[in-house]
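This structure is a prediction, so every number in the text was calculated from the model and none was measured.
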Amino acid sequence: MGFTIGGIRDLRSSSRRRGRASEYATTVAEYTGLWGWDVVPGARAARGGRVICSCGAADCPSPGAHPLPFAPPVPAGSTLDAAAAAWAEVPGAAVLLPVGRSFDVLEVAEAAGRHALARLERMGVPLGPVALTPDGRALFLVAPGAAAELPQLLYRMGWDDARLDLRGLGRGDHITAPPSDYAGLGPMRWLLPPALDTAGCPPEARLLLGTLAYVCHRSAGA
């Protein structure tokens, strides 16, 4: 089965009627088929008196925020049927996106991220998707390689000596994708959703980094 935007929307409409499990399968199909991202099934977490990870490890270092070791990834380009079939094997899994393949991530505090996004939009800077975590972080998707280049980029821009609440995520990292729950804290959300012209070609980090570093620096001094 091929992919069309209308087909995704139709499947989304019917998935709401079939329940949450089907909704997640539809999200996976959208991420792999429309945006060209690999998807990895991830652990979930429940919070009560303590955090319990669905992986079963009592000493899990990242409860509800890591891939399931026994579940294979759903590769980019998977058809709707293939994505749905793969997710049916891991009901209840969180949707994770591997970093370092299609994109890297620049992570800042949510308040700084919102401020920076407004400035970047006014400046006409090309932007990729931006996600929000339930614990107040903003994740800017940028071109792969940004995490490894981040120290050098900050040095060139004169921000290497500044204490910035900014970090890069690269190969080997994963982010939890909306609308999955992150670490038992609540659902992930899109501040700037993916689009056909941004998901597959996120901007170079250097285009965003000066503004992100400036806003982070101002926020730290506020």
In terms of hydrophobic clusters joined by side-chain contacts under 4.5 Å, are [X] and [Y] together?
X: Y24; Y: V39; value: yes
X: L166; Y: L139; value: no
X: L169; Y: L127; value: no
X: Y214; Y: L150; value: yes
X: L120; Y: L153; value: yes

How long is the straight-line distance from [atom2] of [Y] back to [atom1] of [X], given to the nearest 0.5 Å?
X: L117; Y: R122; atom1: CG; atom2: CZ; result: 10.0 Å
X: D160; Y: Y155; atom1: CG; atom2: OH; result: 7.0 Å
X: R119; Y: L212; atom1: CZ; atom2: CG; result: 10.5 Å
X: M157; Y: Q152; atom1: CE; atom2: CD; result: 11.0 Å
X: T211; Y: H115; atom1: OG1; atom2: NE2; result: 9.5 Å

Restricting to non-hydrogen atoms, name the atom on [X] and the atom on [Y] that form the minimum distance, rounded to 0.1 Å.
X: G168; Y: L106; answer: CA-CD2, 4.5 Å
X: A84; Y: A25; answer: CA-CB, 4.0 Å
X: P67; Y: L96; answer: N-CD1, 3.4 Å
X: L185; Y: D135; answer: CD1-CB, 3.8 Å
X: V40; Y: P98; answer: CG2-CD, 4.0 Å
X: G113; Y: A138; answer: CA-CB, 4.0 Å

Return yes if some donor-acceptor pair links the side-chain N/O of [X] with the main-chain N/O of [Y] below 3.5 Å, else return no.
X: D104; Y: P144; answer: no
X: D38; Y: A76; answer: yes
X: T176; Y: Y182; answer: no
X: S219; Y: V215; answer: yes
X: D165; Y: V108; answer: no

- Could you check whether the rings of W37 and Y31 sit parallel, tilted or perpendicular, using 30° and 60° as the cut-offs?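 Ring orientation of W37 relative to Y31: tilted.
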
- salt bridge (Lys or Arg N to Asp or Glu O under 4.0 Å) partners of E107, counting only residues at least two apart: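 Partners of E107 under the salt bridge (Lys or Arg N to Asp or Glu O under 4.0 Å) test: R137, R167.
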
- Report the residues that fulfil salt bridge (Lys or Arg N to Asp or Glu O under 4.0 Å) with R171, sequence neighbours left out, ordered by chain and then residue number.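 In terms of salt bridge (Lys or Arg N to Asp or Glu O under 4.0 Å), with neighbours along the sequence ignored, R171 is linked to no residue.
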
So, do [X] and [Y] sit near enough that their side-chain heavy atoms are less than 4.5 Å apart?
X: W87; Y: V95; answer: yes
X: V105; Y: I175; answer: yes
X: L196; Y: W35; answer: yes

Hey, can you pull the donor-acceptor pairs under 3.5 Å for the side chains in residues 54-66, sequence neighbours left out?
residue: S54; atom: OG; partner: R44; partner atom: N; Å: 2.8
residue: S54; atom: OG; partner: R44; partner atom: O; Å: 3.3

- Query: Between T79 and D81, do the side chains contain an N or O donor and an N or O acceptor separated by less than 3.5 Å?
  - Reply: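 No.
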
- Message: If you apply the rule side chain to side chain contact (heavy atoms under 4.5 Å, CB included), what do you find for H174 with L97, and how did you get there?
- Response: CA-CA 5 Å; H174 294 78; L97 303 176; over 6 Å; no

